Amino acid sequence: MEEKMKTEDKQLYAMRHSLAHIMATAVTTIWPDAKLGVGPVVDNGFYYDIDLGEASVSEEDFKRIEKEMYRVINAKQPFEHSNKPIDEAITWAQGSNQPYKEELLNDLKRAGTTLASDLDAEELGTITSGDSAVGEVSFYTNGEFTDLCRGPHVESTDKVGAFKLMRVAGAYWRGKEGNPQMQRLYGVAFATKEELHEHLRLLEEAKKRDHRKLGQELDLFVLSDLVGPGLPLFTPRGTVLRQELIRFSEDLQREAGYQAVWAPHMTRVELYKTSGHFDKYPERFDVSSVESTDEFMLKPMNCPHVAQIYASRPRSYRDLPIRYMETTTMYRDEKSGELHGLSRVRALTQDDSHAFVRHDQIKDEISAIMEMVKRMYAVLDLPLSVDLSFRDDSDNYFGEKSLWADAEKMLEDVAKDQDLDYKIERGEAAFYGPKIDIYISDALGRRWQCATVQLDYVQPERFDLTYIDQDNGSKRPAMIHKAILGSIERFLSVYIEHTAGKFPVWLAPEQVRVITVNQEDKTIEYAETVQQEATRLGLRAEVDNSNESVGKKIRNATLMKVPYTIVVGDKEIETNQVIPRIREDMIVQAGERPIGMNEFLKTVAHEHKARVTKTSL
RNA sequence: GCCCUGAUAGCUCAGUGGUAGAGCGCAUCCAUGGUAAGGAUGAGGUCGUGGGUUCAAUCCCCACUCAGGGCUCCA
């Protein structure tokens, strides 16, 4: 990591890391009994894990801690590096009553201190002894506070830029569930005040765009205690979004030769015992039968089911590739604390597909899938980046190593051919094969995994899938799993926040709102005629003839982020022309232009069909 | 699952050991209004659920459920 860092990144890293020490200095000043865990740098800031025993820190204490931190900063204490022999370091930890540090040091000693940098960096946090001599560990001291630490640090405590303590959270010691839980104090930090303010502004913006808030405001989905956690219900408006996205995905797949199939949402558990998923997947919903002794489960994925369709009859090499698609819901019993709005749910819908291919067809098939992915996200205006998720040396994977190497090479070849911006992640593969994981970056610069392509030699083996080759021999096909949107629910959570609810016309639940100037019969009649014509053209239009002022009705349409609003009264009835009010993000040329009502509707219908983001009006 | 915080009207939230309030929304009426909030009146709450303390609990205590922030996990 360090060797790739630019100078300014290094400087910022040192600032954040130094702030972690300064915060620990402040905390140990206020609570002298505080036991310290680790205090590393994270995205945008730093944290320190502390254990106050019976006491606890709350966010109300932040003022006090920050005040103490400023005292340390203003004292301009130099950061001084020193090395201690390991045994002396352990004595230090015992003497200063720091059991967590002592544990780390004992581990370092056991591993041989010079090996420290090869240990799991996360497990050890910042603590390694990379810069120290054999048998010694590295320390940094500022003023009265000394900490086991590899550095780097700024020269003195006043050179740390701008920071703010953000929150306190629980965290297990060394990230292991069985370990004692400590309190993690998070802060954000930047080189300048301006950057800090910009970051805080982004957080505010993210809060405003939170899909749970917008889902409520725009009437897209609801949660019901009676239905249960992690089981969102979609309103008519939210369902439009789902269906339009699914239609787009299925259109792309149909063009690429995929055929729709359908599988029930539950199965005998034997299916999953055969596929090998059963033991790897404890988060399943069991379903019991009153009528038989069979054990059932809800499907947590779709591949084993679809494999049975392939297996239902003999296949010839001439038949391949066989491509099945199914947009279907699967059920995963996520732990309650892991659920989050639409992004982590217990019933998730995927635009799933499985292609059964000969070995010589794999590359072309994966390339074709990547083309679909690129088209989808170009239309959705979301930039992509790609991880190749490969296996590591552990034995968590099924299948022969040579096949894996072969499969991984094939995925990398496709990534190269397609000129994808990719990096390789070892240890991130599925147990049955390597993956191409596609990430999208949203308007706030956050990165999310949605689409995935997975190459699988294991399930064809487990289900004994075959085809007859030209030499009349029985051969094993490969299976290619893919989802373009991934989970529709998770995709929507990202997309709602990306667009802040300002959906392009083709996705907007309501595309045109017709506002009446008064409640006279002829006005309402005219508005309804416009709505009917819009519906005839395949558009989604609503009439607002409520007993409110025009200003109020405009405001309501604006708040609902409706792309086009038209106001109708005597003028429009007479001329059959309107000046549409266009949502500002879609406007290319400024200025209001009158347009014939029919031409207006036809233009919107065209924009809907072409799935464009901007308007020609 | 674990730690911390929370739950009061459809929504956003104030408040109190002596059974409740605002704004928005909703309903009715007046106003017939021309591009981001016209006016008046009214309905609407077992204060998340169960237990405990108390003469008395929406408020204090405990448990549970759900939600939020994290941890862990995400085939």
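The structure presented is a predicted model; accordingly, all values stated were derived computationally and were not measured. In the text below, chain A, chain B and the rest are named by the order of the sequence lines, each starting its count at 1.
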> Side chain of A/R344: nearest nucleotide among B/U32, B/C73, B/U35?
Replying inline: B/C73
> Roughly how far apart, to the nearest Å, are B/C47 and B/A20 at atom C1'?
Replying inline: 8 Å
> To the nearest angstrom, how far is A/L185 atom CG from B/G69 atom C1'?
Replying inline: 13 Å
> Between B/U35, B/C73, B/C66, which nucleotide gets closest to the side-chain atoms of A/E283?
Replying inline: B/C73
> Using purine N1 to pyrimidine N3 plus N6-O4 or O6-N4 for Watson-Crick, or N1-O2 and O6-N3 for G-U wobble, both under 3.5 Å, which nucleotide pairs with B/G34?
Replying inline: none
>> For a quick check of understanding: with a heavy-atom distance under 4.0 Å over all strands, which category does A/R490 fall into, base, sugar-phosphate or nothing?
In response: base
> Rounded to whole angstrom units, what separation is found between the CZ atom of A/R346 and the P atom of B/A67?
Replying inline: 9 Å
>> Checking base pairs now: Watson-Crick or wobble, both atom distances under 3.5 Å. What partners B/A7?
In response: B/U65
> What integer distance in Å separates A/E425:CD from B/C74:C1'?
Replying inline: 15 Å
> Just how far, in rounded Å, is C1' of B/U72 from CG of A/D49?
Replying inline: 13 Å
> Should A/E408 and A/R426 count as an ion pair when the cut-off is N to O under 4.0 Å?
Replying inline: yes
>> Between C1' on B/A67 and CG on A/L231, what's the gap in Å once rounded to a whole number?
In response: 15 Å
>> Looking only at the side chain of A/E548 (C-beta and beyond, no hydrogens), which of the listed nucleotides B/C73, B/G34, B/G38 gets closest?
In response: B/G38
> More 5' along RNA chain B: A/K435 or A/S549, using each one's nearest nucleotide?
Replying inline: A/S549
> Rounded to the Å, how far apart are A/R212 CZ and B/C11 C1'?
Replying inline: 17 Å
> Aromatic ring centroids of A/Y272 and A/H305 under 6.0 Å?
Replying inline: yes
>> Measuring to OP1 and OP2 of B/A67, would you say a side-chain N or O of A/H340 lies under 4.0 angstrom away?
In response: no
> When the distance from OH of A/Y47 to C1' of B/C71 is rounded to whole Å, what number comes out?
Replying inline: 10 Å
> For RNA chain B, whose closest nucleotide is more 5', that of A/K552 or that of A/E584?
Replying inline: A/K552
> Taking the same atom, C1', in B/A22 and in B/A56, what whole-Å distance lies between them?
Replying inline: 28 Å
>> Of the listed nucleotides (B/G34, B/G69, B/G25), which one gets closest to any side-chain atom of A/V567?
In response: B/G34
>> Just to be sure I understand the rule, does A/D570 reach a base, reach only the sugar-phosphate, or reach nothing, if contact means heavy atoms closer than 4.0 Å?
In response: base
> At under 4.0 Å between heavy atoms, what does A/K553 touch on the DNA or RNA strands: base, sugar-phosphate, or nothing?
Replying inline: nothing
>> Using atom P in both nucleotides, what's the gap between B/C3 and B/G15 to the nearest angstrom?
In response: 29 Å
> If the C1' atom of B/C11 is compared with that of B/U49, how far apart are they to the nearest Å?
Replying inline: 23 Å
>> Of the options B/G34, B/C71, B/G69, whose atoms approach the side-chain atoms of A/Y186 most closely?
In response: B/C71
> Considering every strand shown, what is the Watson-Crick or G-U wobble mate of B/C59 when both distances are under 3.5 Å?
Replying inline: none
> Reckon A/G569 touches a base, only the sugar-phosphate, or nothing at all at heavy-atom distances under 4.0 Å?
Replying inline: base
> Taking atom P in both B/G17 and B/C74, what distance in whole Å separates the two?
Replying inline: 48 Å
>> Are A/Y331 and A/F285 an aromatic pair, judged by ring center distance below 6.0 Å?
In response: no
>> By nearest atom, which of the nucleotides B/G34, B/C74, B/A36 is closest to the A/L559 side chain?
In response: B/A36
>> Under 6.0 Å between ring centres: does that hold for A/H481 and A/Y432?
In response: yes
> With rounding to whole Å, what would you report as the distance between B/G50 and B/C66 at their C1' atoms?
Replying inline: 15 Å
> Considering Watson-Crick and G-U wobble pairs with both distances under 3.5 Å, what does B/G44 pair with?
Replying inline: none
>> With a 4.0 Å cut-off on N to O distance, would you call A/E428 and A/K435 a salt bridge?
In response: no
> Across all strands shown, which nucleotide pairs with B/C29 by Watson-Crick or G-U wobble geometry, both distances under 3.5 Å?
Replying inline: B/G39
> Between B/G48 and B/C29, how far is it from one P atom to the other, in whole Å?
Replying inline: 35 Å
> When you measure from the side chain of A/N518, which nucleotide among B/C66, B/G34, B/U32 comes out closest?
Replying inline: B/U32
> The side chain of A/R555 lies closest to which of these nucleotides: B/G25, B/A67, B/A36?
Replying inline: B/A36
>> Rounded to whole Å, how long is the line connecting atom CG of A/N547 with atom P of B/G34?
In response: 14 Å
>> If you go through the side-chain atoms of A/E572, does one of them form a donor-acceptor pair with the base of B/G34 closer than 3.5 Å?
In response: yes
>> Under 4.0 Å, counting only non-hydrogen atoms across every strand here, what does A/E217 touch: a base, just sugar-phosphate, or nothing?
In response: nothing
> Taking atom types as modelled, is there a side-chain donor on A/S353 or A/K482 under 3.5 Å from an acceptor on the other?
Replying inline: yes
> Counting only distance, no hydrogens or angles, is the base of B/C4 paired donor-acceptor with the side chain of A/R184 under 3.5 Å?
Replying inline: no
> Under 3.5 Å, is there a donor-acceptor pair between the A/E525 and A/T523 side chains?
Replying inline: no
> If we ignore angles and hydrogens, is there a donor and acceptor under 3.5 Å between the side chains of A/D437 and A/S389?
Replying inline: yes
> Does B/C2 pair with anything, Watson-Crick or G-U wobble, both distances under 3.5 Å, and if so, with which nucleotide?
Replying inline: B/G70
>> Work out how far the C1' atom of B/G25 is from that of B/U12, and round it to whole angstrom.
In response: 11 Å
